[in-house]
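Following: one structure in structure tokens, then a few remarks.
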Protein chains: 2
Amino acid sequence: MPDPIWLLIAEDLQLKIESGELGRDGKPLPTELELQEAYRASRHTVREAIKWLATRGLVYTRSGQGTFVRPRVDPFITRFVPSLESAQAESAAFGVAVRDRSRMPSVSPPRVEVQRAAGRYARELRIADDEAVVSRHQQRLIDDLPYSLQTTFYPMTFVERGAGRLIRAEDIAEGAVSYIEDVMGVKQVGWTDRFAVRLPDANEVAFFSLPDDGHVAVFEITRIGFDESGVPLRVTITTYPTDRNQFVMQFGQVPAD
Amino acid sequence: MPDPIWLLIAEDLQLKIESGELGRDGKPLPTELELQEAYRASRHTVREAIKWLATRGLVYTRSGQGTFVRPRVDPFITRFVPSLESAQAESAAFGVAVRDRSRMPSVSPPRVEVQRAAGRYARELRIADDEAVVSRHQQRLIDDLPYSLQTTFYPMTFVERGAGRLIRAEDIAEGAVSYIEDVMGVKQVGWTDRFAVRLPDANEVAFFSLPDDGHVAVFEITRIGFDESGVPLRVTITTYPTDRNQFVMQFGQVPAD
DNA sequence: GGGTATTTGTCCGTATGTATT
DNA sequence: AAATACATACGGACAAATACC
């Protein structure tokens, strides 16, 4: 069984794209009609070839305009530094990760909600299934470009115990973790990070301007912070597009770049 | 502009799949002919709907059999423990991560090659662009199921300096990092891990039995180990399918699960 | 702003090949 | 060997988006 025609066309186009013969400098690929004639195939067959390239992220099509080669983005690298000196350092990690590249980080005002803990968050916060939690959702940008979406869940009891700013829709400049330590004396002494990859939801597709064919997934990083007695004090879920983000962690003794 | 018909069909099928109305217990979805009649659409339109579901990983098709709901896999969680006591602990991390779940890890005999360092590895190992490196490639399995593909690059000078087993196509049971320390006195005191996500190559598609529509990406984790003087001594690249793997790291003081 | 040409998107029909049972 | 179901490929028609004059 030989390869189907659409695959031969797709692989030929891929070669010509990667060699630079096609699609240079944002120039569109040949139109479907031109490809039909060049490969002596039906439009359907040509479109299948293009679709194959598109689901692999090599090209994208714009209705009425043509097919374009997706420019390669150089990844943004986020460093997770295990700076254990203080919880505050971690809180400010967003700024730290960015500032040294002379880029401008910013965050949206948070969207604050109070809700019953769904199964997952109840389990991770180790509270009862119907207990209330505060969620704070923020968009984070770098140079006004979307960078990540972040939602943090706190037990609603924290508000009753004095951390009233958690339910205000205002940014907590010093970091919510520091704030909680200041007003409640509950100190975060460690955390776990869980890395997963999943398809983006509609919100993420819109915020990150992801292609709607679902071929770009997102990192979902779940951070659970613990206090001195090993009780979870917050769950933070942050998502980043996988096509333009990488993460670096270091352990032990590592030269300073 | 209303949604196209194929999208309406796709979303309707998605609902019926998620509610369990379709595809339970490995039962195939209705055939294309049945869907044509049910939605009064052409076969092409029905197939577009199925393709949309397939590129999102919800279903897969088998020629001559039908369309099936992709069963959700519960993710395998790999813990990256910052056990700094010794480099050896890290070397044996594969076994550690797995053993406590009463599963059986195994590794293939390595495929060993000597090659000139390509741009990337030369830069990461901080050696000249045309210097020779040893690469050791292994398949790692858990319960005889594919788990990860791993390639480690060492400077060829290590072999000349006494680490002869690096170019033997045999597993180094105590871990190559320990071996290097034993015979050369070069000790790994730290490392960096870089997490990236990319499309699988043909090797990875075959080894992990990934769908060939490219909708399942792989984690590519690059670990660079450093000795006491901050010189890189190896670069290890490990890939895992993103659809069934998650990674957990912990910092500071965290309760013991 | 409006009209027109270009290009991709959607949708239909049909025929034949290939894989599986 | 036959039946079933998906895969490939051809054809045509009209709609929608975009660019350009």
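Quick caveat, the model's predicted, so the values are computed rather than measured. Residue numbering restarts at 1 for every chain, and letters A, B, ... go by the order of the sequence lines.
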Should the pair A/Arg47-B/Glu48 be classified as a salt bridge under the 4.0 Å nitrogen-to-oxygen rule? no

Taking atom [atom2] of [N] as reference, at what distance in whole Å does atom [atom1] of [X] sit?
{"X": "A/Leu29", "N": "C/dT8", "atom1": "CG", "atom2": "C1'", "answer": "13 Å"}
{"X": "A/Leu35", "N": "C/dT8", "atom1": "CG", "atom2": "C1'", "answer": "12 Å"}
{"X": "A/His44", "N": "D/dG11", "atom1": "NE2", "atom2": "P", "answer": "12 Å"}
{"X": "B/Leu7", "N": "C/dC11", "atom1": "CG", "atom2": "C1'", "answer": "14 Å"}
{"X": "B/Glu34", "N": "D/dC6", "atom1": "CD", "atom2": "C1'", "answer": "13 Å"}
{"X": "A/Leu8", "N": "D/dT8", "atom1": "CG", "atom2": "P", "answer": "12 Å"}
{"X": "A/Glu32", "N": "D/dA13", "atom1": "CD", "atom2": "P", "answer": "17 Å"}
{"X": "A/Tyr60", "N": "D/dT18", "atom1": "OH", "atom2": "C1'", "answer": "14 Å"}

Distance test, side-chain N/O of [X] to OP1/OP2 of [N], below 4.0 Å:
{"X": "A/Thr61", "N": "C/dT7", "value": "no"}
{"X": "B/Gln65", "N": "C/dT21", "value": "yes"}
{"X": "A/Thr45", "N": "D/dC10", "value": "yes"}

What parts of residues 50-59 of chain B reach DNA chain C, counting only heavy atoms under 4.0 Å away? none

So B/Thr31, base contact, sugar-phosphate only, or nothing? Heavy-atom distance under 4.0 Å. sugar-phosphate

Sugar-phosphate, base or nothing in reach of A/Leu33, heavy atoms under 4.0 Å: nothing

Derivation of the salt bridge (Lys or Arg N to Asp or Glu O under 4.0 Å) call for A/Arg194 and A/Glu124: CA-CA 12 Å; A/Arg194 171 189 301 239; A/Glu124 287 170 338; 5.2 Å; no

Any donor-acceptor N or O pair under 3.5 Å, side chains B/Tyr240, B/Thr78: no

Looking just at side-chain N and O atoms, do A/Arg140 and A/Ser148 make a donor-acceptor pair shorter than 3.5 Å? yes

The nucleotide from D/dC10, D/dA19, C/dC12 with an atom nearest the side chain of A/Ser42 is D/dC10

Closest to side chain of B/Ser63, choosing from D/dT18, C/dT8, C/dT18: C/dT18

State which residues pass side-chain hydrogen bond (donor to acceptor under 3.5 Å, both in side chains) with A/Asp243; sequence neighbours excluded, sorted by chain then number. none

Suppose we define a pair by two distances each less than 3.5 Å, Watson-Crick or G-U wobble; what does D/dA1 pair with here? none

Look at the side chain of A/Arg62 against the base of C/dG9 and say whether a donor-acceptor pair falls under 3.5 Å; ignore hydrogens and angles. no

Quiz question: going by heavy-atom distance under 3.5 Å, is there a donor-acceptor pair between the base of D/dA9 and the side chain of A/Arg43? no

Indicate the ring-plane relationship of A/Trp6 and A/Trp52, choosing parallel, tilted or perpendicular according to the 30° and 60° boundaries. tilted

Within 45° cone of B/Phe80 ring axis and under 6.0 Å: B/Arg223 NZ or CZ: yes

Mind checking whether A/Tyr147 and A/Phe76 have ring centres under 6.0 Å apart? yes

